[in-house]
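First comes the structure, then the notes that go with it.
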Amino acid sequence: MSYLTPKEIVTELDKYIIGQDKAKKAVAIALRNRYRRSLLEPEMREEITPKNIIMMGPTGVGKTEIARRLAKLMDAPFVKVEATKFTEVGYVGRDVESMVRDLVEASIRMVKQQRFETVKNRAAANAEERLVDILVPNKQARQNTNPLGALFGAPQIEAAPAESDEEKQKRMSRRDEIRANLRAGKLDHLVIELEVEVSQGMGMEIPGMGGESMGDLLSGILPPKKKKRKVNLIEARKILEQEEAEKLIDMDEVTQTAIERAEQDGIIFLDEIDKVAGKGAGNGPDVSREGVQRDILPIVEGSTVVTKYGPVKTDYMLFIAAGAFHVAKISDLIPELQGRFPIKVELENLTKTEFERILTQPKNAITKQYEALLAADGVNLKFTPDALKRIAEFAQVVNESTENIGARRLHTIMENLLDDISFNASGIEPAVDVVIDGNYVTEHLKNEEQYTNLQKFIL
């Protein structure tokens, strides 16, 4: 995906997001510039920093979805942060570095999952051998070689007599039989006892330690706490595969790779940035908002953040900020922060035509979601073109006459429209075909439309 051209990136985004061509073009260029930068000489590469983007537009028009799909498309570490959380009482922007730590954690999870895929087959084979060992234990006990055992009077385990060739042959034959039954799924109903590690539960963060907790510090000193659990064989296999995969993965290499990917490819999405914009000097909430902006500034400018995995540089991370900017304007942000978001994109309100396309064109279109959900209960749902047109018209009218919540309005309408069908579908009756046409939509949304028309008269 790193080799996609800007046009190809926009084409991929078009599969999930309708309209907003300016915003798609801006993010596609920003992503392609990352690839272009990677081809340059190291000396020039260090001089080129990402051109951060700020999106302005009402809720529900695709700001967050563009950033999220972009990160998924490029397989890049991504984290979404609400800027308003840094205005909480007692914070005033103090903990803004947590967004970088969250990005590193997301990057580690991503790299770790990729490494799991590479060792999955070996881990499954090792887990299978451990299950066979549990089900067909070796009766030959080992002698206790603990030097402190004799000193403190611990009972010594005598070594069992060696197995005869006949006994060994029977045990190996039994192991082969159990292994074959495991692979055939014949033993999935069995319940066995396993020792599993238990979290120490010491999650208190230590100030000034880069988000490190007491449990992290003691994890290398204290042995892991274990407890015995009775689980069925399916769950036991998953637990053992996870343990074996952990053994096969080099966590130092994972951490190093993850930090590098977070630094070079990481995307931080700062939502609700307009809520921390305030005009002029004063007291009260404006001071808090400006304080948050000033604390966000060094992160966006480029600084080094201490995390429990080591120092992380933010110089080459891509920051995408977004907000509705109904009350405040982009110019209300402090000038230094404005300068760090050179690309400004305005997203447009959704019209009836776009609502109609949203209902059918994306891969995860809302009509396809409801068709799949109700098909699970034997209802074959179909929407006629005039029904989709009527739903789109209603969504536009409601958004114009009440609060404009963008494409989220379609979820409200669809729930009201399919309320009775969803309630009565049980999966017990034979499969039925249900066609939603324009008349059905008009009839079921009639009361909602009357209520919407009355809204203009309510003070």
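Just so you know, these numbers use all the heavy atoms, side chains as well, and skip hydrogens, waters and symmetry mates.
Under the 3.5 Å distance criterion, the side-chain polar atoms of Asn416 are left unmatched by any main-chain donor or acceptor of Ile413. A donor-acceptor contact shorter than 3.5 Å is absent between the side chain of Glu128 and the backbone of Arg179. Proximity of a side-chain donor or acceptor of Thr314 to a complementary backbone N or O of Ser303 within less than 3.5 Å is detected. Checked by atom type and distance alone, the side chain of Ser107 never pairs as donor or acceptor with a backbone atom of Leu103 at under 3.5 Å. A side-chain donor-acceptor contact under 3.5 Å links Lys368 to the backbone of Pro362. Judged by distance alone, the side chain of Arg101 and the main-chain N or O of Thr307 form no donor-acceptor pair under 3.5 Å. When atom types are taken as modelled, the side chain of Lys51 and the backbone of Thr49 share a donor-acceptor pair closer than 3.5 angstrom. Arg229 places no side-chain N or O within 3.5 Å of a backbone atom of Leu194 that could act as its donor or acceptor partner. Not one N or O on the side chain of Gln396 forms a donor-acceptor pair closer than 3.5 Å with the backbone of Thr351. Formation of a donor-acceptor pair under 3.5 Å by the Lys24 side chain with backbone atoms of Gly19 is found in this model.
At a threshold of 4.5 Å between non-hydrogen side-chain atoms, the residues Val276 and Phe86 do not count as touching. The closest side-chain heavy-atom distance from Leu187 to Leu135 is below 4.5 Å. Contact check for Val327 versus Asp274: no side-chain heavy atoms found under the 4.5 Å cut-off. Between Leu240 and Glu243, some side-chain heavy-atom pair lies under the 4.5 Å cut-off. A heavy-atom distance below 4.5 Å is not found between the side chains of Phe116 and Glu241. Counting heavy atoms from C-beta on, the side chains of Ile48 and Arg36 never come closer than 4.5 Å. Residues Val104 and Val305 are not in side-chain contact: their nearest non-hydrogen atoms beyond the backbone lie 4.5 Å or more apart. You'll find the side chain of Arg69 stays beyond 4.5 Å of the side chain of Glu12, heavy atoms only.
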> Do Tyr440 and Thr384 pass the side-chain contact (heavy atoms from CB on, under 4.5 Å) test, and can you show the C-alpha distance, the side-chain angles, and the key distance before you say yes or no?
Replying inline: CA-CA 10 Å; Tyr440 183 94; Thr384 62; over 6 Å; no

>> Run His326 and Asn404 through side-chain contact (heavy atoms from CB on, under 4.5 Å) and show every step you take.
In response: CA-CA 11 Å; His326 289 312; Asn404 185 2; over 6 Å; no

> What do the steps show when you test Lys247 against Glu244 for salt bridge (charged side-chain N to carboxylate O under 4.0 Å, His left out), and what is the final call?
Replying inline: CA-CA 5 Å; Lys247 293 176 186 176; Glu244 291 301 318; 3.2 Å; yes

>> Apply side-chain contact (heavy atoms from CB on, under 4.5 Å) to residues Val441 and Phe394 and explain how you reach the verdict.
In response: CA-CA 10 Å; Val441 174; Phe394 186 67; 6.0 Å; no

>> Before you tell me yes or no, could you show the steps for Leu4 and Thr11 under side-chain contact (heavy atoms from CB on, under 4.5 Å), namely the whole-Å CA-CA distance, both residues' side-chain angles and the distance that decides it to 0.1 Å?
In response: CA-CA 10 Å; Leu4 290 178; Thr11 302; over 6 Å; no

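Between Leu350 and Ala407, the shortest heavy-atom distance links the atoms CD1-N, 3.5 Å. The minimum heavy-atom distance linking Ile299 with Glu97 is given by the pair CD1-CG, 3.9 Å. The minimum heavy-atom distance linking Phe355 with Asn399 is given by the pair CZ-ND2, 3.4 Å. When all heavy atoms are compared, the tightest approach of Val345 to Ala26 is CG2-CB, 3.7 Å. Smallest separation of non-hydrogen atoms from Gly438 and Arg390: O-CG, 4.4 Å. When all heavy atoms are compared, the tightest approach of Asn349 to Glu354 is O-OE1, 3.7 Å.
Salt-bridge formation is not detected for the pair Asp133/Arg130: no Lys NZ or Arg NE/NH1/NH2 atom is positioned less than 4.0 Å from an Asp or Glu carboxylate oxygen. Lys112 and Glu246 are joined by a salt bridge, as a carboxylate oxygen and a charged side-chain nitrogen come within less than 4.0 angstrom of each other. With respect to Glu371 and Lys382, no salt bridge is recorded, no charged nitrogen being found less than 4.0 Å from a carboxylate O. Here Arg174 pairs with Glu177 in a salt bridge; the nearest charged N to carboxylate O distance falls below 4.0 Å.
Interatomic distance, CG of Asp386 versus CD1 of Ile436, reported as 11.0 Å (0.5 Å rounding). Going from atom CZ of Arg340 over to atom CD of Glu301 covers 4.5 Å, rounded to the nearest 0.5 Å. Considering NZ of Lys389 and OG1 of Thr353, their distance stands at 9.5 Å, rounded to 0.5 Å. Atom CG of residue Leu70 and atom CD1 of residue Ile9 lie 7.0 Å apart, to the nearest 0.5 angstrom. One finds the CD1 atom of Ile54 at 4.0 Å from the CZ atom of Phe325 (value rounded to the nearest 0.5 Å). Taken to the nearest 0.5 Å, the NZ atom of Lys352 stands 4.5 Å off from the CD atom of Glu393.
Defined by atom type and a distance below 3.5 Å, a donor-acceptor pair is missing between the side-chain atoms of Glu260 and Gln256.
In terms of the side chain to side chain contact (heavy atoms under 4.5 Å, CB included) criterion, Asp419 has no residue partners (sequence neighbours excluded). For Asp433, the side chain to side chain donor-acceptor pair (under 3.5 Å) test picks out Asn380, with sequence neighbours left out. For the side chain to side chain contact (heavy atoms under 4.5 Å, CB included) test, residues two or more places apart in sequence or in another chain that qualify with Thr257 are Val111, Arg115, Glu253, Arg261. Take Asp188 and apply the side chain to side chain contact (heavy atoms under 4.5 Å, CB included) test, not counting sequence neighbours, and it matches Ile234. Under the rule for a side chain to side chain contact (heavy atoms under 4.5 Å, CB included), the partners of Lys80 that lie at least two apart in sequence or sit in another chain are Thr64, Phe78, Glu82, Phe269, Asp271. Here Arg68 pairs with Glu65 under the salt bridge (charged side-chain N to carboxylate O under 4.0 Å, His left out) rule; sequence neighbours left out.
Among the candidates Val432, Ile421, Val434, the single residue satisfying the side-chain contact (heavy atoms from CB on, under 4.5 Å) test with Leu374 is Ile421.
Around atom NZ of Lys186, no more than 12 heavy atoms belonging to other residues, nucleotides or ligands sit under 6.0 Å away.
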